[in-house]
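Working notes, beginning with the structure itself.
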Amino acid sequence: MFRNSLSKLARPTLARAQLPRNVRGLKNINFGGTVETVHERADWPREKLLDYFKNDTLCVCGYGSQGYGQGLNLRDNGLKTIIGVRKNGSSWKAAIEDGWVPGENLFPIEEAIKKGTIIMNLLSDAAQSETWSSIKPLLTKGKTLYFSHGFSPVFNKLTHVEPPKDIDTIMVAPKGSGRSVRSLFKEGKGVNSSYAVWNDATGKAEEKTIALAMAIGSGYVYETTFQREVYSDLYGERGCLMGGIHGMFLAQYEVLRENGHTPSEAFNETVEESTQSLYPMVGKHGMDYMYDACSTTARRGALDWYPVFRDTLKPVFRKLYANIKSGAETKRSLEFNSRPDYREALEKELDTVRNMEIWKVGTEVRKLRPENN
Ligand SMILES: NC(=O)c1ccc[n+]([C@@H]2O[C@H](COP(=O)([O-])OP(=O)(O)OC[C@H]3O[C@@H](n4cnc5c(N)ncnc54)[C@H](OP(=O)(O)O)[C@@H]3O)[C@@H](O)[C@H]2O)c1
């Protein structure tokens, strides 16, 4: 149903999409009628960051996706950075491979925290809770506690992570994986992040947070609160980003198969055309542009059916949001991810996904893509 050439209707939208991007320096941006303040890295050149953090030691605890991306970017920016991870664990080995040196800038977690002034807690969310009793006594006055997710402090009744009141507690949450944090930085660009202050003991917490956001390699930084960040993050990944879209793909595919369509046809009409042709257009130019690029038949049908899907799914999204607000999702996540066998249990469930007909068909369809011929 995708049209190869753009209709006349599409042209004005295309022209709009090709307008130059926002000019650097712009701080107040009108997002669909709501003006929000956005900070940008142009205001924090490297020299300013070096001066701002000249008396600090940035202690990155954890070397998973974010510890890797943020830690290496801080180091490349010339800031005094150390890594704190479990000795001889897989992160310890990964850090050594990336050039961190034991006893010099790589230490066991508690030793690193003692040496650091800004403690960046990038352990897994479950580990932040598990290790809190040993970390908390080391967070003495004058240090700063930093997170990349609102999870631990917001759900403190479940996590028991109660930051001390006499230190700044702040957050920078990159809107991308640590791999993107790193690769965008290496390309001279920056990942977009949100930031928030949980506790401002010094009166300077907000400025410090924005500076740190730029130091780890952010481009634009949006203001949020710890609570809004964690609620929207948990909601998004369970919804349109991962769980919801997976469920919708399955529902559409299964009905096509029930009605006698072949696996390849069902896959092409569900996953292949969406991810390869239409969703990239939505990402690049917006939903209206994607509509404009499709046939009148497709447009008529989609315009009639999107309200049906929205109204049918809204109660599910409301239930999901309520589950997040009540802490039920956090409780489930903490319980599951603290199990000693959580990696194996997760792998078992992922294996079920891997072996679903739809995703096995995907493996074959991908081989037939034009770029693979
Ligand atoms: N990943 C993302 O895309 C993303 C994006 C934005 C924000 N965040 C947030 O960033 C933070 C870090 O997430 P991540 O994905 O980078 O890391 P992660 O993969 O969730 O966590 C990995 C780190 O936690 C350590 N760890 C696990 N269990 C431990 C325990 N019991 N004791 C001590 N260390 C333990 C691991 O060390 P070992 O190797 O020794 O096990 C590893 O260094 C989280 O708050 C997350 O929500 C993540």
Side-chain angles (χ1 to χ4, degrees), residues 59-74 82-98 100 102 106-113 119-136 138 145-156 158-161 163 169-184 190-196 198 212-213 216-218 221-222 224 226 228-238 241-242 324 329-330 333-343 346:
C59 165
V60 176
C61 295
Y63 204 70
S65 168
Q66 291 298 329
Y68 151 85
Q70 298 187 30
L72 289 179
N73 290 357
L74 290 169
I82 60 174
I83 303 290
V85 285
R86 288 191 281 204
K87 203 166 179 184
N88 298 325
S90 58
S91 293
W92 180 271
K93 289 171 196 149
I96 290 174
E97 276 173 28
D98 289 341
W100 302 94
L106 173 62
F107 303 94
I109 297 173
E110 290 172 22
E111 204 180 324
I113 293 177
I119 313 306
M120 303 173 69
N121 197 333
L122 299 179
L123 299 174
S124 71
D125 294 311
Q128 289 177 20
S129 173
E130 282 170 51
T131 57
W132 182 244
S133 58
S134 58
I135 287 179
K136 190 176 180 182
L138 307 174
L145 178 59
Y146 165 107
F147 293 98
S148 279
H149 198 12
F151 191 96
S152 293
V154 169
F155 293 110
N156 52 32
L158 295 163
T159 63
H160 309 296
V161 174
T169 300
I170 61 178
M171 175 185 77
V172 178
K175 303 286 120 197
S177 79
R179 301 277 148 193
S180 311
V181 171
R182 182 63 180 154
S183 59
L184 286 168
V191 70
N192 287 345
S193 303
S194 60
Y195 81 93
W198 178 263
L212 266 173
I216 64 155
S218 305
V221 186
Y222 303 79
T224 186
F226 272 63
R228 276 199 283 128
E229 189 278 335
V230 69
Y231 282 13
S232 56
D233 188 78
L234 296 180
Y235 181 74
E237 61 206 12
R238 280 153 184 74
L241 302 180
M242 293 171 73
I324 288 161
E329 290 297 315
T330 299
S333 170
L334 281 174
E335 279 171 4
F336 182 85
N337 292 322
S338 304
R339 277 168 49 174
D341 67 337
Y342 87 95
R343 275 185 214 273
L346 200 63

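Side chains included, hydrogens not; waters and symmetry mates left out as well; all remaining heavy atoms used. Atoms within each ligand, like the ligands themselves, are counted from 1 in listed order.
Put simply, part of G176 is less than 4.0 Å from ligand 1, judged by heavy atoms. Residue contact annotation: Y63 has a non-hydrogen atom under 4.0 Å from ligand 1. Note on ligand 1: K175 sits outside its first shell, no heavy atom being nearer than 4.0 Å.
The structure places CG of L158 at 12.0 Å from CD of E329, a figure rounded to the nearest 0.5 Å. Y146 OH to C61 SG: the interatomic distance, rounded to the nearest 0.5 Å, is 12.0 Å. Between the OG atom in S91 and the CD1 atom in I96 there is a gap of 11.0 Å [rounded to 0.5 Å]. Taken to the nearest 0.5 Å, the CG atom of L122 stands 12.0 Å off from the NE2 atom of H149.
Looking only at heavy atoms of the protein, atom 30 (C) of ligand 1 is closest to R86 NH1, 3.3 Å. Counting protein heavy atoms only, atom 12 (C) of ligand 1 is closest to L122 O, 3.3 Å. Among all protein heavy atoms, the one lying closest to atom 19 (O) of ligand 1 is G64 CA, 4.2 Å. Considering only non-hydrogen protein atoms, atom 42 (C) of ligand 1 sits nearest to S91 OG, 3.2 Å. The protein non-hydrogen atom at the shortest distance from atom 7 (C) of ligand 1 is S148 O, 3.3 Å. Nearest protein neighbour of atom 48 (C) of ligand 1, counting heavy atoms only, is Q66 CG, 3.5 Å. With respect to atom 3 (O) of ligand 1, the closest heavy atom belonging to the protein is S177 CA, 3.3 Å. Closest to atom 25 (C) of ligand 1, if we only count protein heavy atoms, is L123 CD2, 4.0 Å.
Residue T131 approaches ligand 1 through these ligand atoms, each under 4.0 Å from one of its heavy atoms: 32 (N). Heavy-atom proximity to Q128, at under 4.0 Å, picks out these atoms of ligand 1: 45 (O). Remark: ligand 1 atoms within the under-4.0 Å shell around heavy atoms of H149 are 45 (O), 47 (O). Ligand-side atoms of ligand 1 in range of G62: 43 (O), range being under 4.0 angstrom from any heavy atom. Per-residue contacts place P174 under 4.0 angstrom from the following atoms of ligand 1 (heavy atoms of the residue considered): 6 (C). Close approach of ligand 1 to A127 is summarised as follows: ligand atoms under 4.0 Å from at least one heavy atom of the residue are 26 (N), 27 (C), 28 (N), 29 (C), 30 (C), 35 (C). Atoms of ligand 1 lying under 4.0 Å from at least one heavy atom of D125, given by number and element, are 44 (C), 45 (O), 46 (C), 47 (O). Numbered from 1 in the order shown, with element, the atoms of ligand 1 that lie under 4.0 Å from a heavy atom of E130 read 31 (N).
Of the heavy atoms in I109, only side-chain atoms (C-beta onward) come closer than 4.0 Å to ligand 1.
Remark: side-chain polar atoms of S232 are paired, donor with acceptor, to backbone N or O of E229 under 3.5 angstrom. Using modelled atom types, no side-chain atom of D98 and backbone atom of A95 make a donor-acceptor pair closer than 3.5 Å. Between the side chain of Q70 and the backbone N or O of V60 there is no donor-acceptor pair closer than 3.5 Å. Using a distance-only test at 3.5 Å, with no hydrogens or angles considered, no donor-acceptor pair links the side chain of W100 to the main chain of I83. Between the side chain of S338 and the backbone N or O of L334 there is at least one donor-acceptor pair closer than 3.5 Å. A donor-acceptor pair is defined here as one N or O able to donate and one able to accept, closer than 3.5 Å; such a pair exists between the side chain of Q128 and the backbone of L123.
A side-chain N or O of S193 and one of S218 form a donor-acceptor pair less than 3.5 Å apart.
Counting non-hydrogen atoms of other residues, nucleotides and ligands closer than 6.0 Å to NZ of K136 gives a total above 12.
For ligand 1, the polar-atom distance check against R343 finds no nitrogen or oxygen pair separated by under 3.5 Å. Looking at ligand 1, you'll find an N or O of S124 within less than 3.5 Å of one of its N or O atoms.
The side-chain contact (heavy atoms from CB on, under 4.5 Å) test with I119 is passed by exactly one of L138, T169, I109, I113: I113.
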